[in-house]
Amino acid sequence: ETGVTQTPRHLVMGMTNKKSLKCEQHLGHNAMYWYKQSAKKPLELMFVYNFKEQTENNSVPSRFSPECPNSSHLFLHLHTLQPEDSALYLCASSQAQGDNSYEQYFGPGTRLTVT
Amino acid sequence: GQNIDQPTEMTATEGAIVQINCTYQTSGFNGLFWYQQHAGEAPTFLSYNVLDGLEEKGRFSSFLSRSKGYSYLLLKELQMKDSASYLCAVRDRDYKLSFGAGTTVTVRA
């Protein structure tokens, strides 16, 4: 399944670096999501975009900055991260938020390590 | 918010049946989902329940009782490839998904 792609797959960065994660969906969906998955913890919803508009910011620290230039692309800009931000960051898409189409399709994730 | 509980780990033998329970507390309910996630891979959709009862899809079935805040995922005729993490997720009235921590199922020969 290559409907949702994410780059890079692995990223190691220092606390003073600035980097960006990229997500692209080829499914014609209008809603895109960022999740954080830490070991032994539930997936945490971070941001939701519906038709390019941000509809959800789940109390995420400002060192994470999302960008959605169009319905197919989603970015997560990272700066001055902390070691506890090390996790798997998953992107997902669905037809639209609030649509009865119920599936979210996930990308393979970016494994982020902050040193 | 949502409070979703599921067991951390389960082990079963190839060919056997395993049932993964999920209980939830939610301020609004708009469907329950099960996803499968192999190590290092994306979660993939398995099943969806919004009404009470059993949904069957091949070797996998999912059950929902809204009054009890309870669901289970039943995996039959287990195969080695079924070794994975199984995630229970509840969608609220705002169409946000909240996930449980996942149940790691290990299938042994």
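Predicted, not measured: the structure shown is a model, and the values here were computed from it. Protein chains get the first letters and strands the later ones, always in sequence-line order, with residue 1 at the start of each.
- Environment of CZ in Arg59(B): crowded, with over 12 heavy atoms of neighbouring residues, nucleotides or ligands closer than 6.0 Å.
- At a 4.5 Å heavy-atom cutoff, Glu44(A) makes no contact with chain B through either its backbone or its side chain.
- The same ILVMFWY cluster, assembled from side-chain heavy atoms under 4.5 Å apart, contains both Leu73(B) and Met80(B).
- For a residue to count as touching a neighbouring chain, one of its non-hydrogen atoms must lie under 4.5 Å from one of that chain's; by this rule Tyr35(A) touches chain B with the side chain only.
- Interface remark: Gln6(A) contributes no atoms to any contact with chain B (heavy atom separation under 4.5 Å).
- Listed by sequence position, the residues of residues 59-83 of chain A in contact with chain B number zero, using a 4.5 angstrom heavy-atom cutoff.
- Val114(A) and Met15(A) get closest at one heavy-atom pair: CG1-CG, 3.8 Å.
- Residue pairs meeting the disulfide bond (SG atoms under 2.5 Å apart) criterion with at least one partner in residues 56-109 of chain B, sequence neighbours excluded, are Cys22(B)-Cys88(B).
- The hydrophobic clustering, which links ILVMFWY residues whose side-chain heavy atoms are closer than 4.5 Å, places Val50(B) and Leu97(B) together.
- Heavy-atom distances place the side chain of Arg9(A), and not its backbone, under 4.5 Å from chain B.
- Only the side chain of Leu45(A) comes within less than 4.5 Å of a heavy atom of chain B; its backbone N, CA, C and O stay farther away.
- Atom CD of Glu77(B) has 12 or fewer heavy atoms from other residues, nucleotides or ligands within 6.0 Å.
- Judged by distance alone, with hydrogens and angles left aside, the side-chain atoms of Glu55(B) form no donor-acceptor pair with the main-chain N or O of Ser62(B) at under 3.5 Å.
- For chain A, the nearby part of Gln37(B) is the side chain; its heavy atoms alone come within less than 4.5 Å.
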